[in-house]
Amino acid sequence: MRRCRASRLAAQPGRLLHTAAMSVLVWWLLLEALGLLALPLTFPLFGRAMGHGYPFGKIIALLLVTWVAWLLGFVVPYGAAFAIGLGALVVAAVAAGLAQRAALAAWLRDGGRAQMLRADGLWTVGFLFFVLQRWMAPDIFGAEKYMDFAFLNALLRADTMPPYDPWMSGETINYYYFGYLMFANLIRLAPLPETISYNFCVATVGGLAFAQTAWVGLALTGRWGLGVLGGAMSAMLGNLDGAWQFLQKGTLRGMDYWRSSRVVADGDTINEFPFFSTIHGDLHPHFMVLPVGILLLAALRDERLFPSRTPAEPPGPWRALAPWALVTFVLAAMVAISNWELPMGVLAVALLAGRATPLTPLFSRERLQLGLRLLVMLLGVYVLFLPFYLGFVPPLVTPGANEPCIGSACFTLARTSLAEFLTVFGLLLFPPAVLVALRALPLLPAGGGEGRHLAYAVGGLAIALAAIAGNGVLPLLALLAFGALAVAYRDAEGRERAGFLLVVLGCAALLACEVAFLKDSYGEKLYRMNTVFKLYFQAWTVLAIAAPWALGRLLAWGAVGVRQAVAVATALLLVASACYPLGITLDRLGSPYKALDGNAY
């Protein structure tokens, strides 16, 4: 029946194009309206380099409305709660806009309009790119789409909080449902069928990931080309497996769809990347949280919220409180959407929020104050979503008696193949690794060159022996992380330090997969499948920001030969990383069932 419906639509291409174009326009206008509503609220928080928060306004508005409506939904019918939340956002935006009208007008005259147009241009390009991808494969079928669509529909029909479980009659959802509620609220505002809106939700996440990463990259590098490259690395490129497939097949067509997302441990782990997740179309927590995680990095990188240098004058109460209130709310939302975000989210705040403070002494007054703020933040993360946690029962698996575990967190040394690991992260790690190596070398012991030569030999030997033993990944990442940390605090300051700390953050996520895993029900063979899945996905976004920044530093610093070699090698890696997206897109262009309706397949 569905195939017949798709065939009838395909026989009327004019009508299909008209319907699809109108649906896309409606959804795009809805997101634009949310972004405009958030601008008066973000304007006093973010600095100019971050566009006063406008590039992140869409996700901020959606988070605010959903959180207010969710809280009220425990005491009033959810329809009324959502109306109140939306109304509160409109009232707050109008009031803040009127109060700041002179400052807003001055900013718009002094380049603000151009910033808004550029931000909207990035978002539009990213959104339309992924709308095209979903149009070529719109089906809500297979993998975890059934569950995702069921949760989404349950949240759409919910008249109270917590929402009822779509499978267990009379029970409430015992799962991280805040992300589903967030997108269900977006669908409530759009006069479109759920089967079309589902695909727009997926395209929205991909589009925001591209646009937001590009803007953070722009703020970090000051160069548009590098910012856009970061957005592409984050959301539109794949890993190097696509190039291996091309070399093996001799053509880009007929790509093995799953292989590039199952590289490490011969398919016993999952190493999805944002492009794969978006075209695959599972509206899952680790995917829905993506633009919220990038928002956290943007806030931490903003010079007005968290300056890279200690201000000459201590900030007033509002200016001291606002940054921490913002990151607490954003991190709380991230964890409510996907609990896997907590460890890396806390580490991101600890590294980037405290970047203006010297690393040593570790127990300085400034470091102790940072630790206290982190504890208060963690308390806020819990309290802001207290009604959810009071009713949530996590599906923990008890470790065995002889397993080295703390709770469900277990420890073991993995045997990750270096070749497999670099197939996944070769492009994203290459510029940071070269930059860290070149900047760290002068920091090594002197002494007629003997000290440095010894350090080189020890480092190279450690990686070689570990590779022979089955894990060259661990020493490689450890050297890169500690090298980046040393450079950040001994040879960098100000804004440059943030770039090196992003490298540390990305390496920390990848290192964790080599020494620890969260115990789950997947058995011994797949013992770290979920750990690698979630932490690799988080590291991908962080390194997609750090890699173009490192490339920019390399191209602006160093010998001509080094610059040329880095440029050529990076270009080759970029071409190789584009093979998978190009191959999959070419294959999907030949699909006879193109539509935006997830039931028309």
Side-chain angles (χ1 to χ4, degrees), residues 59-86 88-89 144 147-148 150-188 201 205 283-293 295-296 325-346 349 375-397 407-408 518 520 530 534 538:
I59 196 65
I60 290 173
L62 193 55
L63 284 173
L64 288 172
V65 170
T66 301
W67 182 68
V68 171
W70 171 74
L71 279 179
L72 292 175
F74 285 90
V75 293
V76 300
Y78 190 75
F82 179 63
I84 294 171
L86 184 61
L89 175 66
E144 296 185 276
M147 183 194 78
D148 297 327
F151 279 148
L152 193 65
N153 278 290
L155 271 301
L156 272 170
R157 290 158 175 74
D159 56 6
T160 186
M161 289 291 135
Y164 287 111
D165 193 301
W167 288 290
M168 301 288 287
S169 179
E171 298 292 329
T172 57
I173 294 178
N174 188 52
Y175 193 64
Y176 292 87
Y177 61 81
F178 189 75
Y180 296 101
L181 181 61
M182 188 169 69
F183 283 101
N185 286 339
L186 198 54
I187 295 174
R188 280 185 171 90
C201 289
V205 174
L283 199 63
H284 220 51
H286 78 279
F287 176 65
M288 292 186 287
V289 78
L290 187 55
V292 189
L295 168 62
L296 179 69
L326 177 61
V327 297
T328 299
F329 173 72
V330 174
L331 182 58
M334 289 169 61
V335 177
I337 296 170
S338 173
N339 64 328
W340 282 93
E341 302 297 314
L342 181 62
M344 291 306 299
V346 172
V349 177
L375 289 175
V376 173
M377 179 191 72
L378 283 172
L379 179 63
V381 165
Y382 180 72
V383 170
L384 286 172
F385 286 86
L386 185 60
F388 170 74
Y389 295 117
L390 290 177
F392 178 67
V393 181
L396 299 177
V397 176
S408 292
L518 192 66
D520 53 32
N530 227 13
K534 302 307 191 300
Q538 295 170 22

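Residues: numbered from 1 along the sequence shown.
Rounding to the nearest 0.5 Å gives a distance of 7.5 Å between CD1 of I187 and CG of N153. Considering CG of L155 and CZ of F183, their distance stands at 12.0 Å, rounded to 0.5 Å. Atom-to-atom distance recorded for L326:CG and L331:CG is 11.0 Å, nearest 0.5 angstrom. A distance of 9.0 Å separates CG of L152 from CZ of R157, quoted to the nearest 0.5 Å. In this structure, F329 CZ and L63 CG are separated by 5.0 Å, a value rounded to the nearest 0.5 Å. Here the straight-line distance linking atom CG of L186 with atom CG of L62 works out to 5.5 Å at 0.5 Å rounding.
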Extract all donor-acceptor atom pairs below 3.5 Å that involve side chains of residues 333-345 and protein atoms in other chains or at least two apart in sequence.
unit_1: N339; atom_1: ND2; unit_2: Y176; atom_2: OH; d: 3.3
unit_1: E341; atom_1: OE2; unit_2: Q538; atom_2: NE2; d: 3.3

Identify each donor-acceptor pair in which a side-chain atom of residues 159-172 lies under 3.5 Å from a protein atom, sequence neighbours left out, and give them as a table.
unit_1: D165; atom_1: OD1; unit_2: W167; atom_2: N; d: 2.8
unit_1: D165; atom_1: OD1; unit_2: M168; atom_2: N; d: 3.1

Review item, side-chain donor-acceptor pairs of residues 69-85, under 3.5 Å, at least two apart:
unit_1: W70; atom_1: NE1; unit_2: Y177; atom_2: OH; d: 3.0
unit_1: Y78; atom_1: OH; unit_2: N185; atom_2: OD1; d: 3.0
unit_1: Y78; atom_1: OH; unit_2: N185; atom_2: ND2; d: 3.0

Donor-acceptor pairs under 3.5 angstrom involving side-chain atoms of residues 376-397: please list them, not counting sequence neighbours.
none

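Y180 is listed as a side-chain neighbour of M288, based on a closest heavy-atom distance under 4.5 Å. Within the 4.5 Å cutoff, the side chain of L518 has no heavy atoms near those of the N530 side chain. In this structure, the side chains of V292 and L296 stay at 4.5 Å or more apart for every pair of heavy atoms.
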Is there a side chain to side chain contact (heavy atoms under 4.5 Å, CB included) between L64 and I60? Walk through the geometry before answering.
CA-CA 6 Å; L64 288 172; I60 290 173; 3.9 Å; yes
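Between R188 and L181 the shortest heavy-atom distance is NH1-CD1, 4.4 Å.
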